[in-house]
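Have a look at the structure below, then the notes.
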Amino acid sequence: MLRSQSEPTGLAALVAGSGLHENTVRGHLDGLEKAGLATRERAVPDGRGRPAWLWSAVDSQPVSEYAGLAGALASTLHRTSDDPVGDARVAGTEWGRELARNHGRTEPEGALGDRREIVNLMDDLGFEPQTGARAKDVRLTRCPLLEVARQHTEIVCNVHTGLVRGALTEYGDESTDVELVPFAQPGACLLHLRSLEP
């Protein structure tokens, strides 16, 4: 959960996002700090009393070559494009169509089957999706490019939005609205897949 946050996070948000008791979360945070996997800092004072602690993950994993490449491409697109968000979405759409062609189809045709195909595809890409039976709201609990997404949120997240749109188009679905809300919950981005048809 800490790694998925775009900024240092307080205990209350971690409790709400995990569903665990405050004392349990506090114990885990203390353990992570002792192991060198998390750091804490004081929040900016706001009123009376001692400010709360804010927690951050320590990035102990080296940045993969692909993440480094993605960061370089996002930075270049941000610097050189007249419409970096639009260009990111176009690139994602092309990528999504190709991924869907290569991935094939395992679910039945139709809106529900198309949404489930997207969930399967996002799982294969490492997003660790969580969803209900209708697959309309998908929690993406991991991002393979999290560090790059923190630096270039609009570009990376619009590539991912385009990826979903392109895959849906390849599956023959033109009537599903795709919305990706980055860092919407502690430990998750939200992907909304809603039909535009009544």
(Q) For R105 versus G113, what's the shortest heavy-atom pair and its separation? (A) NH2-C, 3.9 Å
Q | Residue pairs involving residues 29-45 (criterion salt bridge (charged side-chain N to carboxylate O under 4.0 Å, His left out); sequence neighbours excluded) | A | E33-R40
Q. Nearest 0.5 Å, what's the CG-CG distance between L180 and L190?
A. 8.5 Å
Q: Give, for atom NE2 of H192 and atom OG1 of T176, the distance between the pair rounded to the nearest 0.5 Å.
A: 14.0 Å
Q. For T106, which residues count as a side-chain contact (heavy atoms from CB on, under 4.5 Å) partner, sequence neighbours excluded?
A. E117, N120
Let me have the donor-acceptor pairs involving side chains of residues 127-136, under 3.5 Å, with sequence neighbours excluded, atom names and distances please.
residue : atom : partner : partner atom : Å
Q130    : OE1  : R139    : NH1          : 2.5
T131    : OG1  : D137    : O            : 3.3

**Q.** Minimum-distance pair of heavy atoms, taken over all atoms of P186 and A13
**A.** CG-O, 3.5 Å
(Q) Holding to side-chain contact (heavy atoms from CB on, under 4.5 Å), I want the full list of residues that pass it with R48, two or more places apart in sequence or in another chain. (A) none
Q) Taking all atoms of both residues into account, what is the closest heavy-atom pair of P51 and A43, and its distance? A) CB-O, 3.2 Å
Q. Side chains of L2 and V58: closer than 4.5 Å at any heavy-atom pair?
A. no
Q. So how far is it from L168 CG to S175 OG, rounded to the nearest 0.5 Å?
A. 9.0 Å
Q) What pair of heavy atoms forms the shortest contact from G104 to Y171, and how long is it? A) O-OH, 3.5 Å
Q: Could you identify which residues cluster with L77, counting Ile, Leu, Val, Met, Phe, Trp and Tyr as linked when any side-chain heavy atoms lie under 4.5 Å apart, either directly or through a chain of such contacts?
A: I155
Q: For V25 and L11, work out which heavy atoms get closest and say how close.
A: CG1-CD1, 3.6 Å
Q: Share the residues that join L146 in a hydrophobic cluster, the rule being Ile, Leu, Val, Met, Phe, Trp or Tyr side chains under 4.5 Å apart at the heavy-atom level.
A: F183
Q) Are L20 and L29 connected in a single hydrophobic cluster, I mean Ile/Leu/Val/Met/Phe/Trp/Tyr linked by side-chain heavy atoms less than 4.5 Å apart? A) yes
**Q.** side-chain contact (heavy atoms from CB on, under 4.5 Å) partners of N23, counting only residues at least two apart
**A.** H21, R26
Q: Report yes if the side chains of I118 and V178 come closer than 4.5 Å at any heavy-atom pair, otherwise no.
A: no
Q) Restricting to pairs with a member in residues 79-96, which pass salt bridge (charged side-chain N to carboxylate O under 4.0 Å, His left out), not counting sequence neighbours? A) none
**Q.** Reported CG-to-NE2 distance for the pair L140 and H160, which is rounded to 0.5 angstrom
**A.** 9.5 Å
(Q) Quick check: closest heavy atoms across S4 and A188, and the distance to 0.1 Å? (A) OG-N, 4.1 Å
Q: Run the numbers on L99 and L121 for side chain to side chain contact (heavy atoms under 4.5 Å, CB included), then give the verdict.
A: CA-CA 8 Å; L99 285 171; L121 182 62; 4.2 Å; yes
Q: Would you list the pairs meeting ring-ring contact (aromatic ring centres under 6.0 Å, His included) in which at least one residue belongs to residues 28-58, sequence neighbours left out?
A: none
**Q.** Interatomic distance, L145 atom CG to Q151 atom CD [nearest 0.5 angstrom]
**A.** 11.0 Å
Q: Using modelled atom types only, decide if a donor and an acceptor are shared between the side chain of S75 and the backbone of A72 within a distance under 3.5 Å.
A: no
Q | Path from L73 to V159 over hydrophobic side-chain contacts below 4.5 Å | A | no
**Q.** Inter- and intrachain pairs under salt bridge (charged side-chain N to carboxylate O under 4.0 Å, His left out), touching residues 161-173, at least two apart
**A.** R97-E170, R101-E170
Q. Would you say T9's side chain and E7's backbone share a donor-acceptor pair under 3.5 angstrom?
A. yes
Q) Do L54 and M1 belong to the same hydrophobic cluster, where Ile, Leu, Val, Met, Phe, Trp and Tyr are linked whenever their side-chain heavy atoms lie under 4.5 Å apart, directly or via other members? A) no
Q) Any link between V15 and L32 through a network of hydrophobic side chains (Ile, Leu, Val, Met, Phe, Trp, Tyr) touching at under 4.5 Å? A) yes
**Q.** Side-chain heavy atoms of V164 within contact of L193, under 4.5 Å
**A.** yes
Q: Please report the C-alpha distance between L163 and M122 in whole Å, then the side-chain angles of each, then the deciding distance to 0.1 Å, and finally whether the side chain to side chain contact (heavy atoms under 4.5 Å, CB included) criterion is met.
A: CA-CA 10 Å; L163 183 158; M122 299 306 275; 4.0 Å; yes
Q. Hey, quick one: are V156 and L191 part of the same hydrophobic cluster, counting side-chain heavy atoms closer than 4.5 Å, chains of contacts allowed?
A. no
Q. Which pairs pass ring-ring contact (aromatic ring centres under 6.0 Å, His included) with one or both residues in residues 68-111, sequence neighbours excluded?
A. none
Q.
Under a 4.0 Å threshold between the charged nitrogen and the carboxylate oxygen, would D123 count as salt-bridged to R142?
A. no
Q: Please identify each residue that fulfils side-chain contact (heavy atoms from CB on, under 4.5 Å) with E154, with sequence neighbours left out.
A: V85, N158
